Amino acid sequence: MELKELKEPIADIKNNTETIINVSGFNVTFGETRVLKDIAVSFYERQVNCIIGPSGSGKSTLLRSINRINEGTDQIDINGMISFKNTDIYGKDRDLTLLRKEIGMVFQRPCVFPRSILENVVFGIQHHQKLSKAEKLEIAETQLKAVSLWTEVSSRLHEPAHSLSIGQQQRLCIARALAVKPSVLLMDEPTSSLDPVSSRVIEELMSELKKEYTIVLVTHNIAQAQRISDHLIFMCEGKVIESGDKEKLFCNPDKIQTKTYLKDEYCDCNQ
Amino acid sequence: MNRKLTNAVFKIFVWAAMAASFGILLFLISVLFWKGFGAISFDFLFTPSSNFGAEGGIVYQIVGSILLIVFATLIAFPLSLGFAIYKSEYVKSSYVQNITDTLIYGLNGIPSIIFGIFGLIFFVNLLNTGISWFVGSIILAIMILPTIILSTYQAINSIPDSFRENALALGLTKWQLITTTLLPRGLSGAFTGLLIGLSRAIGETAPIMFIATAFSGVTIPVGFFEPVSALPTHILALAQQATNPQALQNAWGTSLVLLLLVLIFSIAALWRRVKFSKIEY
Ligand SMILES: Nc1ncnc2c1ncn2[C@@H]1O[C@H](COP(=O)(O)OP(=O)(O)OP(=O)(O)O)[C@@H](O)[C@H]1O
Ligand SMILES: [Mg+2]
């Protein structure tokens, strides 16, 4: 049955979009602790797919399994299936470089390399294709405009990226990820280390980006999920409790735990 | 004792300790300058020695010492860099980490005369190389390996993991991650370690006196397996003829030249440390 799902992507009736990433029977164990338990969930193309849930519920672990950045971790054991555009991400001869080129990631804390702003934007893409100076500038302009950072930094492209504010650095990180031309952007609490104004800027950016990219967003912030998500996944203690349309989960959830969490930010999954 | 008094006593003690060590250093350096300065001249630096060093200059000793440490660098630097990268980026098991740590610290703790004896037995006798400056370079390289490895490893290991994750998430290969992100910082650590190691290596007598140097009749070597003369062993030879005032004078002069070379390395290491501590990660 799972295989059938892969061959015929499920159509989301309301938004009429297709799934791009499908997770099924997915388990992750760190040493003795099972962190993800039999996860089955789908992410929809060109939507903001939002994963919410209390701390330690395995949101980051799930997200980091999608681009296989987890793999370096000590004593990690992964089994199950994640497919991307109907191909197995954990397939035997999957090229990690190509996978991560297709599926970009933005982390909780912005991390700029000790180089200029321009060099940071092209840091990833320049390893995938040879770029002339003019092409680098062109890419930097396009991507910095896409994250609405261009007007702020166009005159100081050669200054160190560290000189930017934290909010600007995070947008630079998004531009850097976009420059590689992914189709999916994984974002792990991208606004949680930012001030409210910078957070709003990034939220607006995500709503803009979803026209071209699939976004998988992990957030602690229920209000943020309500503002920008299309598809909502509620996780608790390593399990997906409920997933579906944002309106459905906020207004009329199937599970009582979902209702309690969205209302009171409280979760007792074993009840 | 009340707290104020304890504080004052402690302060005085710390100050005295610092003043004492600084004073001893200053005393040594000024004696060397005072005694050695008169011996140094253009001729002294650029002519060969004669009469077992009592007359003439030390040009071959300077060339020999520099040759020894240049090749020690060529051997030790790439090895240490590779070792440090491997230890930091590829060794996952903490058991293997402990073994390499023990190895490195153990190597660092071996007295230098043991290196000399090892070189004598292994290279000169067993491999039949004869007295050779190149063997001396190898032994000095082994001796400074731990210093360079540790300082490189610490530099690389102190780079936060977020840089590794960010680079990999952009689709860089591990090799690209190493060359673009880890090596620049690692190299800077390696250079600092190298300079510290060299300032030690250039002054060592014990590891090279049996295997690499001869006291007289040596010129500039043309092959790998020939002896050289070096500054520290020359000082030893001159000190043994201390009854000859001319030889003693030259011993002071040679010591001062050696000290100046060490100072150059130390100051360069210090300068690097100050300059590169400003790079933020
Ligand atoms: N490298 C690791 N080694 C061992 N355990 C880990 C590791 N990474 C995560 N865990 C454990 O896995 C569980 C899930 O962690 P995860 O980071 O996925 O949670 P999260 O939902 O993202 O939490 P938060 O909202 O606080 O970021 C936690 O109990 C955590 O302690
Ligand atoms: Mg997390």
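Chain identifiers are assigned alphabetically (A, B, ...) following the order of the sequence lines, protein sequences preceding nucleic acid strands; residue numbering begins at 1 within each chain. Bear in mind that the values here come from a model prediction, so they are computed numbers and not experimental data. Values below: all heavy atoms of this structure, side chains included; hydrogens, waters and symmetry mates excluded.
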Structural part of [X] lying under 4.5 Å from a heavy atom of chain B:
X        : value
A:Arg109 : neither
A:Arg176 : both
A:Val106 : neither

(request) Could you pull out all residues at least two apart from A:Arg100 that satisfy salt bridge (Lys or Arg N to Asp or Glu O under 4.0 Å)? (result)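 In terms of salt bridge (Lys or Arg N to Asp or Glu O under 4.0 Å), with neighbours along the sequence ignored, A:Arg100 is linked to no residue.
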(message) Which heavy atom of B:Asn166 sits nearest to which heavy atom of A:Cys111, and what is that distance?
(response)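 Smallest heavy-atom distance, with atoms named: ND2-CB, 3.3 Å.
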(request) Of all the heavy-atom pairs spanning A:His128 and B:Leu170, show the shortest one and how long it is. (result)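 Minimum heavy-atom contact is NE2-O, 2.9 Å.
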(message) How about OH on B:Tyr90, more than 12 heavy atoms from neighbouring residues, nucleotides or ligands closer than 6.0 Å, or not?
(response)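 Counting neighbours around OH of B:Tyr90, more than 12 heavy atoms of other residues, nucleotides or ligands fall under 6.0 Å, so yes.
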How long is the gap from [atom1] on [X] to [atom2] on [Y], to the nearest 0.5 Å?
X        : Y        : atom1 : atom2 : result
B:Leu172 : A:Lys101 : CG    : NZ    : 12.0 Å
A:His127 : B:Leu177 : NE2   : CG    : 9.5 Å
A:Phe113 : B:Thr180 : CZ    : OG1   : 7.0 Å
B:Glu165 : A:Asn67  : CD    : CG    : 9.0 Å

(message) I'd like to check B:Gln176 versus A:Thr97 (side-chain heavy atoms, cut-off strictly below 4.5 Å). Are they in contact?
(response)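 Not in contact.
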